Amino acid sequence: MKFSKLFLPTLKETPSEAEVISHKYMLRAGLIRKLAAGIYSVMPLGVRVLRKIENIIRQEMNRAGAQEVFLPSIQPSELWRESGRWDFYGKELLRVTDRHGREFCYGPTAEEVITDLVRNDVRSYRDLPLNLYQIQTKFRDEIRPRFGVMRGREFSMKDAYSFDADEEGAEESYRAMKKAYEAIFLRCGLRFSAVEADTGQIGGSSSHEFMVLADSGEDTIVHCQKCGYAANVERSRLPLPPVSAAPPPPAPMEEVATPGMGAVEDVAEFLKRDTTDFIKTLIFKTGLKERPLVAALCRGDHEINHVKLARAIGCAEASLAEEADVVKATGAPVGFAGAPGLAIPVVADNWVRNIVNAVTGANKADTHIVNVNPERDFPEGTEWADIRQPQEGDLCPECAAAMGLAKGIEVGHIFKLGTKYSESMNATFLDAEGEKKPMIMGCFGIGVGRTAAAAIEQNHDDDGIMWPMAIAPFKAIVLPLNIKDSAVMDVAESIYHNLDDSGLEPLLDDRNARAGVKFNDADLIGIPLQVIVGKKGVEQGKAEIKIRATGEKLMVDIAETPARVAELVKKFTP
RNA sequence: CGGGGCGUAGCGCAGCCUGGUAGCGCAUCUGCUUUGGGAGCAGAGGGCCGGAGGUUCGAAUCCUCUCGCCCCGACCA
């Protein structure tokens, strides 16, 4: 490909809308342009990257025994009503009505469609297992799209669905996908971690997220260096707190005046007590009829994780209650809630249980209670659970070593669905005994554009992108520094054609531009290898190969250049 | 949805407070020179100032409404 013919408008300055690195560089390197919030056009260079990623995905999915299909993006509401998600999915589901008044949605995922497809054509255990996947545009009407294609509303996703006759088969399908995913992200040149995850709206029994480690990630994970345990904080398991051998004796509860001091830090300062002696009480809305409000407790220096809390309560989501509800539930303004004497249900974090002579709110304005002892003073029926946010240094649930926290970008997510959809949508088969059974399902997603963005987050410098070889739009860019110098141009063209004939996907920068412009654009768009052809080099029979990622420069005989490029391409392709 | 910010040429911005009919840099086009890290000179084109009302002799500027975008939060395969 010749640069002069390529639709590749690079930007010298960053458009003001971009905040994160990958978004900035995707715009500047001419990969994408925005059409509306969370909706992007992909330009030629971007398409080349996406196709590379898609092809790696295809190869590994096919190798794992999955078959590619292509499902509709517009899906009838009936299927979604059958699964029960028409109402459950909420505003994120983009609903449309056709000219006859029939309701449809733009597919955010395809469990319903695939289950419908399979139930109609699969009847026997002999047809199982089956794993079908597609690479399709999805639409999710996110509340707040952001960070370019990282959290877009319209995006390309590979989604796979497995159907098995029994648990062992489903387990095997899950393992095969996990292995395929590891191969895919490894080949894409990403540093990632497969972590235990929450199942969210998709449902099902268990799941792993594939997290690309990057500071700009929206998810937080806890991980153990020693044994390799890693989990999304939403799914983190924390061991019980150490028990003191000789705890001080419990003292009688006593009210203290704490005028205007709602925050734990203020009260701690005032009472000269450590925040670890405090029990923080937060009131949450659950959306449940039987217990709309719940008090969640954690130690003063800890934070409640809303997702862990929701799971402990058994509700879809837990969010902080409005001020009026807090007043109603506790009889005090926000900041003075405490478990003793509270009428609403109490869920307390395990780490609260053996705090001795703790400080907590008195359910009375400007008042706290000291010497609270949970076992003695908490209401009857208090539930204990693991509901707090992990902290740096928390101990590993598997091996008890200290864990760390890291930010990650979720590029893939795999779920064991069980029979959630096959039962609600009646996808059954006859087993060897002639008995009718629901298929056991799994589902497996990869965000294609997000994988590209994650690759940039992990591989860039101040000058631009440094594409991993396997997903680079071009593997090498040939830079004749002066196209009017026919000796230089002849050498550049011959190297270019040679590379092209060898299938090494070269780009020839044949623009009549100064050397600096070409260097800067080559760095920006992140082609892994630059072949620099200049006057001085040509006179000595040499060309120069620059490795974008390391900055390393090699002087090479012109005749050997294509072979050296081929070598380097091979070396850098995992 | 709550909070904050921003819409002026393709991109980045100034002008707005204190109304007088739009400007800078980059990019683009033409010509000449230049060609190893975003060139120089000369010339040229491009904006009903997001939109709609209003105030005024006069609105990019003041007021009201509206649309869009970005950030934080809530939310989220």
Side-chain angles (χ1 to χ4, degrees), chain A residues 9-20 23-24 27-28 30 33-39 85 89-93 107-111 138 140-148 150-153 155 157-161 197-204 207-211 218-219 232 234-235 284-285 306-307 310 316-323 409-415 417 442-447 450 463-464 479-485 488-489 509 511-524 530 532-538 543-544 546 551 553:
Chain A
T10 56
L11 267 32
K12 216 180 215 179
E13 284 171 296
T14 305
S16 56
E17 72 200 40
E19 203 69 21
V20 298
H23 190 195
K24 286 179 182 172
L27 288 168
R28 286 193 53 203
R33 289 291 183 261
K34 185 178 69 187
L35 183 64
I39 301 178
R85 287 206 294 183
Y89 218 95
K91 286 191 174 167
E92 214 176 296
L93 189 64
T109 174
E111 281 82 8
K138 304 293 188 295
R140 292 178 191 178
D141 202 355
E142 299 275 355
I143 298 169
R144 181 147 95 88
R146 58 184 138 179
F147 303 152
M150 208 118 98
R151 179 166 294 284
R153 293 193 293 171
F155 57 97
M157 184 176 86
K158 186 283 302 179
D159 45 326
Y161 305 89
D198 191 64
T199 53
Q201 282 177 348
I202 299 293
S207 82
H208 282 85
E209 285 168 336
F210 286 77
M211 292 286 188
E218 293 185 88
D219 291 282
N232 192 310
E234 299 173 350
R235 189 73 198 190
F284 281 85
K285 293 184 292 197
H306 296 203
V307 176
E317 70 175 78
S319 53
L320 280 172
E322 322 292 331
E323 207 171 329
I409 300 164
E410 178 196 350
V411 290
H413 202 158
I414 60 178
F415 298 84
L417 288 177
C443 83
F444 314 93
I446 291 178
R450 194 184 275 185
D463 296 322
L479 304 174
L481 297 184
N482 182 352
I483 66 164
K484 294 198 175 146
D485 183 326
V488 165
M489 203 53 195
D509 193 346
R511 296 175 300 171
N512 182 21
R514 299 173 68 83
V517 174
K518 297 190 178 191
F519 287 137
N520 282 312
D521 272 344
D523 286 347
L524 176 63
Q530 297 173 10
I532 300 157
V533 182
K535 190 174 176 205
K536 276 177 261 170
V538 168
E544 187 178 327
K546 180 182 154 188
K553 292 177 180 171

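Just so we're on the same page: letters track the sequence lines, and every chain starts at 1. Keep in mind that the numbers below use all heavy atoms, side chains included, and drop hydrogens, waters and symmetry copies. Nothing here was measured: the structure is a model prediction, and the numbers come from that model.
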When the C1' atoms of B/rG46 and B/rU33 are considered, how many whole Å apart are they? 27 Å

Interatomic distance where CZ belongs to A/Arg153 and C1' belongs to B/rC75 [whole Å]: 15 Å

For A/Asn512 versus A/Lys484, what's the shortest heavy-atom pair and its separation? ND2-NZ, 3.5 Å

From B/rG36, B/rC75, B/rC76, nucleotide with atom closest to A/Arg151 side chain: B/rC76

Separation of B/rG38 atom C1' from A/Asp509 atom CG, nearest Å, is 13 Å

Check whether any side-chain nitrogen or oxygen of A/Ser16 sits under 4.0 Å from OP1 or OP2 of B/rG12, and answer yes or no. yes

In whole Å, I'd like the distance from the CG atom of A/Leu11 to the P atom of B/rG10. 13 Å

Select one nucleotide: of B/rG38, B/rC75, B/rC69, the one nearest the side-chain heavy atoms of A/Arg146. B/rC75

Using the C1' atom in both, what is the distance from B/rA39 to B/rC26, to the nearest Å? 14 Å

Within the distance-only criterion (no hydrogens, no angle test), does the side chain of A/Arg153 pair as donor or acceptor with the backbone N or O of A/Arg140 below 3.5 angstrom? no

What is the distance, to the nearest angstrom, from the CG atom on A/Leu93 to the C1' atom on B/rC76? 14 Å

Sticking with atom P, work out how far B/rC24 lies from B/rG43, rounded to a whole angstrom. 14 Å

Sort me out a list of protein N/O and nucleotides 30-33 of chain B N/O pairs below 3.5 Å, or just none if empty.
none

Tightest non-hydrogen contact, residues A/Ala318 and A/Ala310, listed as N-CB, 3.9 Å

Could you give the CG-to-C1' distance, from A/Asp485 to B/rG36, as a whole number of Å? 13 Å

By nearest atom, which of the nucleotides B/rG36, B/rC11, B/rC69 is closest to the A/Lys34 side chain? B/rC69

Is any side-chain N or O of A/Asp523 under 3.5 Å from a base N or O of B/rG37, one able to act as donor and the other as acceptor? yes

To the nearest angstrom, how far is A/Glu92 atom CD from B/rC1 atom C1'? 15 Å

Short side-chain to backbone donor-acceptor contact, A/Lys158 and A/Phe444, under 3.5 Å: yes

Write down the distance separating the P atoms in B/rC63 and B/rC17, rounded off to the nearest Å. 9 Å

Take A/Glu218 and A/Arg146, measure what salt bridge (Lys or Arg N to Asp or Glu O under 4.0 Å) needs, and give me the verdict at the end. CA-CA 10 Å; A/Glu218 293 185 88; A/Arg146 58 184 138 179; 3.3 Å; yes

From B/rG37, B/rC69, B/rC72, pick the nucleotide closest to the side chain of A/Phe147? B/rC72

Within less than 4.0 Å of OP1 or OP2 of B/rA74, is there a side-chain N or O belonging to A/His306? no

When rounded to the nearest Å, what value does the distance between C1' atoms of B/rG23 and B/rC32 take? 29 Å

Taking only nitrogen or oxygen atoms into account, show me every contact under 3.5 Å that the protein makes with nucleotides 2-9 of chain B, one pair per line with its distance.
none

Quick one: does any side-chain atom of A/Lys518 pair with a main-chain N or O of A/Pro480 as donor and acceptor, under 3.5 Å? yes

Same-atom distance (C1') from B/rC57 to B/rG2, integer angstrom: 44 Å

Nearest to side-chain heavy atoms of A/Asn512, which nucleotide of B/rU35, B/rG36, B/rC75: B/rU35

Rounded distance in Å between the C1' positions of B/rG51 and B/rU8: 14 Å

Could you give the CD1-to-P distance, from A/Ile143 to B/rG73, as a whole number of Å? 13 Å

Side chain of A/Ala37 (C-beta onward), nearest among B/rG36, B/rC70, B/rC75: B/rC70

Shorter than 3.5 Å, N or O on both sides, protein versus nucleotides 39-41 of chain B: list them out with atom names.
from	atom 1	to	atom 2	distance (Å)
B/rA39	OP2	A/Arg514	NE	3.3
B/rA39	O4'	A/Arg514	NE	3.3
B/rA39	N9	A/Arg514	NH1	3.4

Nearest to side-chain heavy atoms of A/Glu13, which nucleotide of B/rU35, B/rC69, B/rG25: B/rG25

Return the value, rounded to whole Å, for the distance between atom CG of A/Leu524 and atom P of B/rC11. 17 Å

Under 4.0 Å between a Lys/Arg side-chain N and an Asp/Glu carboxylate O for A/Arg235 and A/Glu209? no

B/rC16 versus B/rC1 - spacing of their P atoms, nearest Å: 34 Å

